[in-house]
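Keep in mind that the numbers below use all heavy atoms, side chains included, and drop hydrogens, waters and symmetry copies.
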Amino acid sequence: MGVYLNPGSEIFEDALASQIYIDKTELIKYTNRVLKTEQKYICVSRPRRFGKSMAANMLAAYYGRNADSRKYFENLKIANDASFLKHLNQYNVIFLNMQDFLSENPDVEDMEKAIEEEILWDLQEEYPDVHYYKPDNLIRSLMDIYKAVNIPFVFIIDEWDCIFRENRENKDAQKIYLDFLRKLLKDKRYVALAYMTGILPIKKYGSHSALNMFDEFSMTNPKQLAEFVGFTESEVKELCNRYGMDFEETRRWYDGYRFENVEHVYSPRSVVSAMLSRCFDNYWNQTETFEALRDYIVMNYKGLKDTVIELLAGKYKKIETGSFSNDMTTFSTADDVLTLLIHLGYLGYDFSAKEVFIPNSEIASEFVAAIQGAGWENVIKSVRKSDQLLKATWSQNAEEVAKGIEEAHFETSILKYNDENSLACVISLAYYSARAYYTEIRELPTGKGYADVVYLPRKNHMDKPAMIIELKWDQSAEGAIAQIKDKKYVKALEEYKGNILLVGVNYDRESKKHQCVIEEILSQSKIILASMNGE
């Protein structure tokens, strides 16, 4: 066992011994399938604390020679796969954490030299009898060993992209580094598998990449590895049952990453922290600071600020991700910045619709923290006043509600305010604090149309009234209430047992005034109960 050659399974053993371990060993089914094929080059990019290093350590424990790791895997999912024993401990694994090398060698050429020297030390200690043509040349030595023993290498490279995150402006260093990886891995017979992990996808120069042999599995499209991005819904439900935690609240806080084949993916580190502490909170800020987010959302690209406010209000926005250069400095449009935020985990992405969104309450709180010092005081003022607006709605103070919505409108006047859809966006931001108690549903199907905005209390807050908000433009608030009744929107909430507030809101463009009417009605279940009691 060496430092970098076949480092063993100790770190994976630590993961197995943890209080919470989620079995993601079926990832090995995929890597086994692509071993020694043209698809053997895999680049997996995920945000921090999404289990990248754990997966890398798992692969090292599984493939590495000079160790018998069967006992660690035989009770896990991969043991049921036909390929399990065929590839178990059959390869020479070279495991590199590039962040460690960069920390010790800030100059990329020194870093490259250190990598070569340290791997060569392990190789020559393991294979002292191989006749080396150029003992100080890493690539030739790998060729010599493979020729002599016919055992191919599995390369596992963690934090592969640290150069692009820490040497952001040093384009020459980045190119040297990419050329080093290309020469080491591309078209080499000794490579059985190359598995790289990082936050960023592979850097593009123009329309090309020096590592174009890699298949990329990223936050914009993880493809067939989607279930390994984070925790799946079934995995989270099992944890909630084990730790006695409310599943709906867990979903609100940490769900929201969605992919074509996996509808619900949760932030792993945050779920584990919530389960072990038995407390729902923002654990994201233990990984990243909101200042990192602020640096990007204040960039002066056309439409960026508008989009961030709309996302905070719960909107989905269509973007183009293809022009992103996969680094942290080369931006041409607002969409490039938003694409980076997808890879950093601050935004979810719907691949089919090509839309971004803020995934959950934990990340939404990061955005609120970020914009407080970003010169967006009017937006923050609206968020701070949202609790007051919600209480005014509960007390059916229509005049105060109209005033609160009007203030929110002018405080978020950066948004285009020219139809009911943009009014709905303002409403959502104005009622920001309602998210602590309610599930917000836009355009709820009712059988006879769509209710504009519905706030349905979550099960821990059933003492709060449901709210159906209907929006009008140059009409009347009374007409909005009439539409709720005429189209029987309330019927869509017939299983709800509490009271329901009907809120009609109209905006008059000429007077630039908002009008509000609020009525309270009994839910269908209460109406039925009242009739049974002869009331």
Side-chain angles (χ1 to χ4, degrees), residues 45-47 199-201 204 207 216-223 226 229-230 255-265 293 296-328 330-361 363-364 366-368 370-371 374 376 379 412-429 432 435 439-445 450-454 471 473:
S45 53
R46 305 278 184 271
I199 295 174
L200 297 173
K204 294 183 289 188
S207 59
E216 298 211 55
F217 302 86
S218 70
M219 292 299 283
T220 54
N221 187 10
K223 296 177 280 194
V229 171
D255 183 19
Y257 301 95
R258 63 182 62 174
F259 309 107
E260 281 198 300
N261 300 317
V262 184
E263 182 64 24
H264 297 278
V265 172
L293 175 59
Y296 293 108
I297 65 176
V298 299
M299 286 186 169
N300 189 27
Y301 288 100
K302 183 179 180 182
L304 181 58
K305 186 172 183 180
D306 295 40
T307 297
V308 169
I309 295 174
E310 290 178 308
L311 293 173
L312 193 59
K315 261 188 121 174
Y316 285 54
K317 292 290 289 184
K318 193 175 289 292
I319 70 165
E320 172 55 56
T321 62
S323 64
F324 180 55
S325 295
N326 297 346
D327 64 24
M328 305 182 84
T330 310
F331 305 112
S332 300
T333 66
D335 284 359
D336 288 343
V337 179
L338 296 169
T339 303
L340 174 61
L341 296 182
I342 296 170
H343 293 298
L344 295 177
Y346 287 112
L347 293 177
Y349 181 67
D350 186 326
F351 179 79
S352 298
K354 312 299 183 193
E355 292 178 332
V356 293
F357 52 92
I358 293 177
N360 52 49
S361 293
I363 301 300
E366 287 292 291
F367 271 88
V368 171
I371 67 177
W376 299 12
V379 179
T412 56
S413 58
I414 186 171
L415 299 175
K416 296 177 182 177
Y417 201 61
N418 51 15
D419 56 24
E420 290 173 15
N421 185 52
S422 56
L423 178 55
C425 189
V426 170
I427 292 291
S428 184
L429 199 57
Y432 182 85
R435 302 174 194 190
T439 297
E440 180 185 285
I441 306 170
R442 298 269 194 97
E443 298 291 326
L444 177 69
Y450 293 85
D452 287 332
V453 187
V454 172
L471 308 173
W473 194 265

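- Leu338 is not listed as a side-chain neighbour of Thr321, based on a closest heavy-atom distance of 4.5 Å or more.
- Using a 4.5 Å heavy-atom cutoff, the side chains of Tyr257 and Val229 are not in contact.
- If you check the side chains of Glu216 and Ser45, you find no donor sitting under 3.5 Å from an acceptor.
- For the atom pair CG (Leu340) and OH (Tyr346), the distance works out to 10.0 Å, reported to the nearest 0.5 Å.
- Looking only at side-chain heavy atoms (C-beta outward), Arg258 and His264 stay at 4.5 Å or farther from each other.
- Separation of atoms CG (Leu341) and OG1 (Thr307) is listed at 11.0 Å; rounding is to 0.5 Å.
- Considering only residues two or more places apart in sequence or on other chains, Asp336 meets the side-chain contact (heavy atoms from CB on, under 4.5 Å) condition with Ser323, Phe324, Phe331, Ser332, Thr333.
- Residue Tyr450 qualifies as open at atom OH: its count of foreign heavy atoms under 6.0 Å is 12 or below.
- In terms of heavy atoms, Leu344 sits closest to Pro47 at O-CB, 3.4 Å.
- Checked by atom type and distance alone, the side chain of Asn326 never pairs as donor or acceptor with a backbone atom of Leu200 at under 3.5 Å.
- Met299 and Val337 get closest at one heavy-atom pair: SD-CG2, 3.9 Å.
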| field | From CA spacing to verdict: side chain to side chain contact (heavy atoms under 4.5 Å, CB included), Val356, Asp335 | value | CA-CA 10 Å; Val356 293; Asp335 284 359; over 6 Å; no
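- In this structure, CD1 in Ile358 is found 9.0 Å from CD1 in Ile363, a value given to the nearest 0.5 Å.
- Residue Lys223 holds its NZ atom at 12.0 Å from CG of Asn261, rounded to the nearest 0.5 Å.
- Side chains of Ile441 and Val453 form no contact here, defined as non-hydrogen atoms less than 4.5 Å apart.
- Annotation: cation-pi pair Arg442/Tyr316 absent, no NZ/CZ under 6.0 Å from the ring centroid and within 45° of its normal.
- Within the 4.5 Å cutoff, no side-chain heavy atoms of Glu366 are placed close to those of Ser361.
- A cation-pi arrangement is present between Lys354 and Phe351 under the rule of less than 6.0 angstrom and at most 45 degrees off the ring axis.
- Remark: the backbone N or O of Gly256 is not paired with any side-chain donor or acceptor of Asn360 at under 3.5 angstrom.
- Under the 4.5 Å side-chain criterion, counting only non-hydrogen atoms from C-beta, Leu429 is in contact with Val379.
- In this structure, the separation between NE2 on His343 and CE on Met328 is 11.0 Å, given to the nearest 0.5 Å.
- Residue Lys302 qualifies as open at atom NZ: its count of foreign heavy atoms under 6.0 Å is 12 or below.
- Not counting sequence neighbours, the partners of Asp327 by the salt bridge (charged side-chain N to carboxylate O under 4.0 Å, His left out) test are Lys171, Lys203.
- Counting all heavy atoms, side chain and backbone alike, Phe217 lies closest to Pro222 at CD2-O, 3.2 Å.
- Counting all heavy atoms, side chain and backbone alike, Cys425 lies closest to Lys315 at SG-CD, 3.9 Å.
- Ionic pairing of Lys317 and Glu355 is not present here: no N-O contact between side-chain nitrogen and carboxylate oxygen is shorter than 4.0 angstrom.
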| query | Do Val265 and Phe259 pass the side chain to side chain contact (heavy atoms under 4.5 Å, CB included) test, and can you show the C-alpha distance, the side-chain angles, and the key distance before you say yes or no? | reply | CA-CA 8 Å; Val265 172; Phe259 309 107; 3.8 Å; yes
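- Rounding to the nearest 0.5 Å places CZ of Phe367 at 8.5 Å from CH2 of Trp376.
- Nearest heavy atoms, Met219 versus Tyr349: O-CB, 4.3 Å.
- Closest non-hydrogen pair, Pro359 versus Gly345, comes out as CG-O, 4.4 Å.
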